[in-house]
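Model, not experiment: these values are computed from the prediction.
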Amino acid sequence: MIDGWSTVSSTVGYSGIRLVVRRDTVRRSDQSLGAYEYIESVDGVRVVALDDRGRIALVEENVYVCGQRLLMCPGGGCELGEDPLEAARRELAEEAGICAAEVELLTVMWRMPAGARTREHLYIARNLSIGEHHRDASEADMELRWVALEEAVAMCGDGRITEAGTLAAVLLTAQRTTIS
């Protein structure tokens with residue numbers, strides 16, 4: 001909680017399998033009242049799988065909620081109680097069939113800070129071995145594409161990559177690999 005702020009009331013408008021919709025009334029430090037509606041959800045992960053040729057693995061899939069086919073780094077939601085690093089390894093294997101000897105945290109970011117109490121854990125994976133993916137039914141249309149990191153950076157700038165976690169992960173990877 002923010003210093004000097006207190007929650008006066010909190011009500012649940014909806015509770016589902018992976019999210020809760022809340023409305024909180026708060027008293028701010030200046031004693032004014034405010035209402036905030038937001039979603040509580042499990043944290044998510046995105047993984048930049050960088051191979052020894054300087055390419056990254058991207059998955060392309062239909063995303064119902066935004067009504068588009070998106071190009072993203074492999075990732076998804078953490079299971080209840082699951083460590084984000086383990087979720088990253090699991091999602092990478094499930095969606096892309098990739099196992100990584102080395103997985104390193106790039107950063108943790110808020111997904112949508114004014115509307116959701118959930119974070120995205122971004123990772124870079126190296127020393128990859130490729131096997132069979134294990135996608136669930138909702139991922140049946142998913143396609144794996146290998147793209148040069150430089151091209152992925154260009155894709156972030158020209159609108160071909162639009163998912164926030166992927167944008168941040170790709171750009172942080174490019175920054176980290178040019179500095180190293």
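Contact check on Arg145 versus Glu60 returns a salt bridge, with a Lys/Arg side-chain nitrogen under 4.0 Å from an Asp/Glu carboxylate oxygen. Classification of Asp30 and Arg28 as a salt-bridged pair fails, no side-chain N sitting under 4.0 Å from a carboxylate O. Under 4.0 Å is where a charged nitrogen must lie from a carboxylate oxygen, and between Glu37 and Arg22 no such pair does. Salt-bridge formation is detected for the pair Glu104/Arg126: a Lys NZ or Arg NE/NH1/NH2 atom is positioned less than 4.0 Å from an Asp or Glu carboxylate oxygen.
A 4.5 Å side-chain heavy-atom check between Leu71 and Val59 finds every atom pair outside the cut-off. Between Glu61 and Glu139 the shortest side-chain heavy-atom distance falls below 4.5 Å. The closest side-chain heavy-atom distance from Glu150 to Val153 is not below 4.5 Å. Considering only heavy atoms from C-beta on, Glu79 comes within 4.5 Å of Arg18 through its side chain. Residues Arg176 and Thr173 are not in side-chain contact: their nearest non-hydrogen atoms beyond the backbone lie 4.5 Å or more apart.
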Show your reasoning for whether side chain to side chain contact (heavy atoms under 4.5 Å, CB included) applies to Tyr14 and Val20.
-> CA-CA 6 Å; Tyr14 172 80; Val20 174; over 6 Å; no

Might you work through the salt bridge (Lys or Arg N to Asp or Glu O under 4.0 Å) test for Arg55 and Glu151, ending with a clear yes or no?
-> CA-CA 9 Å; Arg55 301 177 308 164; Glu151 177 66 11; over 6 Å; no

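Among all heavy-atom pairs drawn from Thr166 and Cys73, the shortest one is OG1-N, 2.9 Å. Between Val42 and Gly77 the shortest heavy-atom distance is CG2-CA, 4.3 Å. Asp3 and Ser29 make their closest contact through O-CB, 4.2 Å (heavy atoms, listed as atom of the first residue, atom of the second, distance). In terms of heavy-atom proximity, Ala57 sits nearest to Pro74 at O-CD, 3.4 Å. Between Val45 and Pro84, the shortest heavy-atom contact is CG1-O, 3.5 Å.
His121 places no side-chain N or O within donor-acceptor distance of the main-chain N or O of Arg119, the cut-off being under 3.5 Å. Under the 3.5 Å distance criterion, the side-chain polar atoms of Thr118 are left unmatched by any main-chain donor or acceptor of Glu40. Checking side-chain atoms of Tyr38 against main-chain N and O of Ala114 turns up no donor-acceptor pair under 3.5 Å. Remark: side-chain polar atoms of Thr162 are not paired, donor with acceptor, to backbone N or O of Gly159 under 3.5 angstrom.
The hydrophobic clustering, which links ILVMFWY residues whose side-chain heavy atoms are closer than 4.5 Å, places Met142 and Leu70 apart. At a threshold of 4.5 Å between side-chain heavy atoms, the hydrophobic network of Ile, Leu, Val, Met, Phe, Trp and Tyr places Ile98 and Val103 in one connected group. Under the 4.5 Å side-chain heavy-atom criterion for Ile, Leu, Val, Met, Phe, Trp and Tyr, Leu122 and Leu167 are members of the same hydrophobic cluster. At a threshold of 4.5 Å between side-chain heavy atoms, the hydrophobic network of Ile, Leu, Val, Met, Phe, Trp and Tyr places Leu128 and Ile124 in two separate groups. Cluster annotation: Val12 is not connected to Val21 through the hydrophobic network of ILVMFWY side chains, with a link wherever side-chain heavy atoms come within less than 4.5 Å.
In this structure, CD1 on Ile17 lies 12.0 Å from OG on Ser41, to the nearest 0.5 angstrom. Interatomic distance, Ser10 OG to Tyr36 OH, rounded to the nearest 0.5 Å: 14.0 Å. Note that CD of Glu102 is 9.5 Å distant from CG of Leu50, once rounded to the nearest 0.5 Å. For the atom pair NE2 of His133 and CG of Leu92, the computed distance is 13.0 Å after rounding to the nearest 0.5 Å. Of the inter-residue distances, the one linking Trp146 atom CH2 with Arg53 atom CZ reads 9.5 Å to the nearest 0.5 angstrom. Taken to the nearest 0.5 Å, the CE atom of Met1 stands 7.0 Å off from the OG atom of Ser6.
In this structure, Val8 belongs to a hydrophobic cluster whose other members, linked by side-chain heavy atoms under 4.5 Å apart, are Leu33.
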Only distances under 3.5 Å count here; give the side-chain donor-acceptor pairs of residues 105-113 to other protein atoms, sequence neighbours excluded, each with its distance to 0.1 Å.
{"from": "Arg111", "atom 1": "NE", "to": "Glu120", "atom 2": "OE1", "distance (Å)": "2.5"}
{"from": "Arg111", "atom 1": "NH2", "to": "Glu120", "atom 2": "OE1", "distance (Å)": "3.0"}

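Residues in residues 88-100 take part in these side chain to side chain donor-acceptor pair (under 3.5 Å) pairs, two or more places apart or across chains: Glu82-Arg90, Arg90-Glu94.
Under 3.5 Å, the side chains of Thr7 and Asp24 contain no donor-acceptor pair of N or O atoms.
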